[in-house]
Trainee: 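Shown below is the structure under consideration.
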Amino acid sequence: MANRNLKQTAVFAAMICLSTLAVVALAARDASAAKPDAGTPNILFIVADDMGYADCGVQGCRDIPTPNLDALAAAGVRFTSGYVTGTVCSPSRAALMTGRYHQRDGIADWIPPGKPGLNAGVPTVADYLRKANYRTALVGKWHLGEQDQCNPLNRGFDEFFGFLGGGRNYWPDPLKAAQAKVNHYTQLVRGHEPVQENEYTTHAFGREAVKFLKSRCGKAQPFFLYLAFNAVHTPMQAPDDYLQRFTSIKDKNRRTYAGMLSAMDDAVGWVLEAVRENGMEENTLICFISDNGGPITRNAPNASRNTPLRGGKGETWEGGIRVPFFMKWTGHLNAGTTFTQPVIQMDLTATVLALAAQGVDSKWRIDGVNLMPFLTGSQDTPHESLCWEYGQQWAIRQGQWKLTFALPSKTAKTPTLGLYDLSQDIGESRDLSLTQPERVKQLQAAWASWRKSVGGDLPAPKVTLKGINNTP
Ligand code: CA
């Protein structure tokens with residue numbers, strides 16, 4: 001297999017400013033036209049919650065061993081510029097499910113209890129894969145709506161063990177005797193039925209994922225398993241035996257975080273072992289991401305780290321949107337490789353739909369790009385541009401250039417406009433906007449074009465590009 005693109009070391013080619021619509025069209029074509037060249041694989045998505053960019057060994061973490069995540073990354077492709085569309089849970093998970101910028105479907109922020117969920121009309125990756133004869137299962141956190149029409153069992157999943165909301169206690173809750181008392185946001189359920197769980201939930205989700213994998217052993221029908229942890233989101237709760245692993249970490253929150261992360265890493269290890277033991281390695285594509293960057297100082301801070309990135313969860317700085325991002329497919333993707341070009345979680349959706357030879361409904365065109373041609377060396381650049389918007393912040397990346405803009409907020413009292421060369425300045429510390437006004441103008445226009453194209457049901461952003469003074 002050709003490998004020339006997988007060992008890229010640095011520089012992005014000079015970028016041409018293509019219209020966003022052209023990029024969208026290319027993405028949709030890739031996702032719908034590609035044929036699998038190696039059979040139709042099983043699909044396993046593993047998603048961590050609020051895990052920082054620097055919170056596993058292969059990403060530079062030194063105080064918390066993550067042997068299983070490291071092994072997953074080492075056995076396949078590690079994307080060093082792997083992004084998510086959302087800076088918080090629901091938008092990111094929506095775009096993973098649909099392959100579309102979440103703005104298209106009206107998901108602007110995390111979904112609180114009782115609020116509307118994901119647009120019931122838009123197909124999910126589970127809908128598509130079930131149509132392609134996959135057995136589909138969700139284990140873990142949904143956070144795309146509690147209403148019946150949003151329930152995973154009505155959104156393409158054959159099986160569901162987990163909870164519908166955005167966060168919950170990691171320890172078992174007593175099962176409420178009266179159905180009326182059930183908190184539908186946090187209650188653990190199997191299908192529609194509340195269950196009494198007795199394990200730390202991270203371990204329970206690992207156990208249920210393994211059970212599902214074993215149930216598929218020997219079956220001709222392929223499977224799609226979406227293992228969506230709520231680890232390592234707050235509340236800060238780790239089992240005592242895991243805390244004992246990290247007595248050398250003096251900061252209490254970091255020690256608890258280490259225990260939570262280590263428990264998740266173990267659960268990932270059980271799942272990888274189950275894939276191996278059941279002879280599924282060569283026909284199972286495994287993808288791992290965190291749903292957004294680590295919350296450093298606000299948005300439920302959990303002692304995660306995004307080093308050397310700036311910012312964190314809830315921000316369009318790199319620390320909020322660039323995440324650990326791995327893909328493994330034994331025998332089909334070269335082990336130990338690094339891919340440096342920008343990719344985004346919607347690409348995982350497009351990739352698996354292409355591998356399943358499952359076309360996409362033209363009404364619900366997707367923004368993700370099938371990554372396989374890029375990973376096997378026949379194409380170079382998955383995206384000419386990637387764009388973000390959260391509240392009154394926005395950003396665009398084209399090649400090594402990133403333009404950010406933020407209106408005043410609780411943490412930034414003045415508007416900020418910044419241009420950064422990520423190839424030299426991954427920490428977004430040296431603003432070059434004053435020296436490159438033409439590039440600023442071009443990137444502003446590209447972002448505005450994107451915003452118009454994804455409009456959805458969201459209100460127009462309250463952003464005025466003119467008259468903003470740059471700040472040091
Ligand atoms: Ca999250």
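In this text the structure is predicted, and so the values were computed from the model without any measurement. Counting starts at 1 for both ligands and their atoms, in listed order.
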Trainee: Measure the acute angle between the ring planes of His143 and Tyr185, then classify it against the limits of 30° and 60° as parallel, tilted or perpendicular.
Mentor: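 Geometry flag for Tyr185 against His143: perpendicular rings.
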Trainee: Is it the case that Arg245 places NZ or CZ above or below the six-membered ring of Tyr242, under 6.0 angstrom from the centre and within 45 degrees of the axis?
Mentor: yes
Trainee: Taking all non-hydrogen atoms of both residues, which atom of Asp109 and which atom of Ser90 are closest, and how far apart?
Mentor: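 Closest pair (atom of Asp109, atom of Ser90, distance): O-CB, 3.7 Å.
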Trainee: Tell me the angle that OD1 of Asp291 and OD1 of Asn292 form around the Ca ion (ligand 1), rounded to 10°.
Mentor: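 OD1 of Asp291 and OD1 of Asn292 make an angle of 70° at the Ca ion (ligand 1), to the nearest 10°.
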Trainee: To check your reading of the site, what angle at the Ca ion (ligand 1) do SG of Cys89 and OD1 of Asp49 form, to 10°?
Mentor: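 That angle is 90°.
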Trainee: Which atom name does Asp50 have for its N/O/S atom nearest to the Ca ion (ligand 1)?
Mentor: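 Checking each N, O and S atom of Asp50, the shortest distance to the Ca ion (ligand 1) belongs to OD1.
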Trainee: List the atom of Thr404, the atom of Tyr420, and the distance in Å for their closest heavy-atom pair.
Mentor: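 It is OG1-CE1, 3.6 Å.
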